[in-house]
Number of protein chains: 2
Amino acid sequence: MKRTKKKAFREFIAQKGLKSTRQRDIILDAFLSSDRHMSIEELYLKLRAKHPNIGYATVYRTLKLFAESGIAREIQFGDGQTRYEHVAEGEHHDHLVCTHCGTIIEFENETIEKLQDEVAQSHDFIIETHKLELYGICGKCRK
Amino acid sequence: MKRTKKKAFREFIAQKGLKSTRQRDIILDAFLSSDRHMSIEELYLKLRAKHPNIGYATVYRTLKLFAESGIAREIQFGDGQTRYEHVAEGEHHDHLVCTHCGTIIEFENETIEKLQDEVAQSHDFIIETHKLELYGICGKCRK
DNA sequence: GACAGAAATGAAAGTGATTTTCATAAACAA
DNA sequence: TTGTTTATGAAAATCACTTTCATTTCTGTC
């Protein structure tokens, strides 16, 4: 999987006529070996430990590139920070967010997706993407 | 409906020991007679036409008050602008957003809501709120 | 109606998270 | 190796709020 994404990104770079750089490799490795929902800030701080000379702007631009290439996706949970999550080929999932501890759980539900398509159809829409987030309190935090 | 909301807001103001001001009345009228999804900026510009002396901060603060009072709700469509939508008592709905022309259509779907609860339950979550947005192209824009 | 005290307002400054600019450094093709 | 193009890092600029603060308004009282 990790291999696949590295390859996918390399191909994207090549096909766009962009350049392969040391920084992009480092950031890609850091991203791939990270939590599934990293903000720019989080990734930047993680990188600074080993590579204090990488700039914030580079992390920012590279993460955008990941999203463009299709190996990552931007998500917002309303806390004012843009996060990037890994995208698995052809897979889509939604999120359960604990408003108390911030834990994020991913889930998939075929039936919901199907119903969404029906709703869209009935309004003459063709869906490109969707966002479904359930905010609440997780079991741990309730105790 | 408009009457009800005005009354609801007046009651909120009174009960909180806040003051009834000319600006709040003006902003409330403008909000109630607007599109269902206004950003602060949009409402501010609309107001400036007739009331050039009302400040942005006042619009911002008043919209927050509307949300607190329950007659409005904050929503985000990922374009970086916070919008406020009218809230009808006890009603909840989700959105279809045309990524081409920006049209926003509201819809409700009982079955989806029920399935969401099931998902939450299976992860030991208790849902407080949720956000479901379907992004796509509307019929008009496809032509 | 005049007042005191509490709130609200508007202009401007401050914030936080990006986003862009620009001089310099690295890639890549020839 | 060189010329050309793209990327990088530091710093400045943006954007969409948010807060501050000197003034104005409200509102219950006298």
Side-chain angles (χ1 to χ4, degrees), chain A residues 9-31 37-69 72-84 102, chain B residues 9-31 37-69 72-84 102:
Chain A
F9 187 62
R10 259 201 306 280
E11 278 165 12
F12 171 81
I13 287 291
Q15 176 232 322
K16 280 271 189 178
L18 303 178
K19 288 173 178 168
S20 160
T21 68
R22 203 169 49 78
Q23 286 87 336
R24 286 178 179 165
D25 287 345
I26 292 171
I27 296 171
L28 180 53
D29 276 336
F31 176 66
H37 306 91
M38 295 288 276
S39 66
I40 303 174
E41 180 80 14
E42 283 164 353
L43 199 53
Y44 172 64
L45 291 178
K46 175 175 173 177
L47 280 163
R48 287 237 328 214
K50 287 210 165 199
H51 309 276
N53 49 324
I54 286 187
Y56 184 93
T58 301
V59 178
Y60 158 78
R61 285 182 287 226
T62 305
L63 247 11
K64 284 251 163 202
L65 267 192
F66 290 170
E68 261 186 75
S69 79
R73 176 190 297 129
E74 288 189 359
I75 42 173
Q76 313 247 174
F77 290 124
D79 64 344
Q81 295 241 134
T82 300
R83 280 157 205 290
Y84 287 83
Chain B
F9 187 61
R10 260 202 304 282
E11 278 166 11
F12 172 81
I13 288 290
Q15 177 232 320
K16 280 270 189 179
L18 303 178
K19 288 174 179 169
S20 159
T21 68
R22 202 169 51 77
Q23 286 89 335
R24 285 179 179 164
D25 287 345
I26 293 170
I27 296 171
L28 181 53
D29 275 337
F31 177 66
H37 306 90
M38 297 285 277
S39 67
I40 304 174
E41 180 79 13
E42 283 164 353
L43 199 53
Y44 173 64
L45 291 178
K46 175 175 172 176
L47 280 163
R48 287 238 326 214
K50 290 211 162 197
H51 309 276
N53 49 326
I54 285 187
Y56 182 94
T58 301
V59 178
Y60 158 78
R61 286 181 286 226
T62 306
L63 246 12
K64 283 250 161 199
L65 267 190
F66 291 170
E68 261 186 76
S69 79
R73 178 189 297 129
E74 289 189 359
I75 42 173
Q76 313 248 172
F77 290 124
D79 64 345
Q81 295 241 133
T82 300
R83 279 156 205 290
Y84 286 81

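Only this structure's heavy atoms are used, side chains among them; waters, hydrogens and symmetry mates stay out. Just so you know, these numbers come straight off a predicted model, no measurement behind them.
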Taking every non-hydrogen atom, the tightest pair across Gly55(A) and Tyr44(A): C-CE1, 3.8 Å
All pairs passing salt bridge (charged side-chain N to carboxylate O under 4.0 Å, His left out) where residues 41-59 of chain B contributes a residue, at least two apart: Glu42(B)-Arg83(B)
Whole-Å gap separating P (dA7(D)) and CD1 (Ile54(A)): 15 Å
The single option from Thr62(B), Leu43(B), Val59(B), Ile26(B) passing side-chain contact (heavy atoms from CB on, under 4.5 Å) against Phe31(B): Leu43(B)
From CA spacing to verdict: side chain to side chain contact (heavy atoms under 4.5 Å, CB included), Glu74(B), Tyr84(B): CA-CA 5 Å; Glu74(B) 289 189 359; Tyr84(B) 286 81; 2.9 Å; yes
From OG (Ser69(B)) to CD (Gln15(B)), nearest 0.5 Å: 10.0 Å
Residue pairs fulfilling side-chain hydrogen bond (donor to acceptor under 3.5 Å, both in side chains) with at least one residue in residues 18-27 of chain A, sequence neighbours excluded: none
Residues touching DNA chain C, which here means a heavy atom under 4.0 Å, drawn from residues 12-21 of chain B: Leu18(B), Lys19(B), Thr21(B)
Gln23(A) CD - dA10(D) C1' separation (whole Å): 14 Å
Point-to-point distance, once rounded to the nearest 0.5 Å, from CG of Leu28(A) to CG of Leu63(A): 10.0 Å
Whole angstrom value for the distance that separates P of dG9(D) from CZ of Arg48(A): 12 Å
Estimated bend of the helix from dG1(C)-dC30(D) to dA30(C)-dT1(D) (axis per five terminal pairs, rounded to 10 degrees): 20°
Gap separating the CG atom of Leu47(B) from the CD1 atom of Ile40(B), nearest 0.5 angstrom: 12.0 Å
Protein-to-nucleotide contact annotation, 5' to 3' order, nucleotides 13-24 of chain D [B base; S sugar-phosphate only; - none; under 4.0 Å, heavy atom]: ---SSBBB----
Any side-chain heavy-atom pair of Leu18(A) and Leu65(A) under 4.5 Å: yes
Point-to-point distance, once rounded to the nearest 0.5 Å, from CZ of Phe9(A) to CD of Glu68(A): 9.0 Å
Along DNA chain C, first and last positions that approach a heavy atom of chain A under 4.0 Å: dA17(C) to dC28(C)
Pair Glu11(B)-Ile13(B), side chain to side chain contact (heavy atoms under 4.5 Å, CB included): steps then yes or no: CA-CA 5 Å; Glu11(B) 278 166 11; Ile13(B) 288 290; over 6 Å; no
5′-ward residue of the pair Pro52(A)/Arg24(A) relative to DNA chain D: Arg24(A)
Distance (rounded to the nearest 0.5 Å) between Met38(B) CE and Gln81(B) CD: 11.0 Å
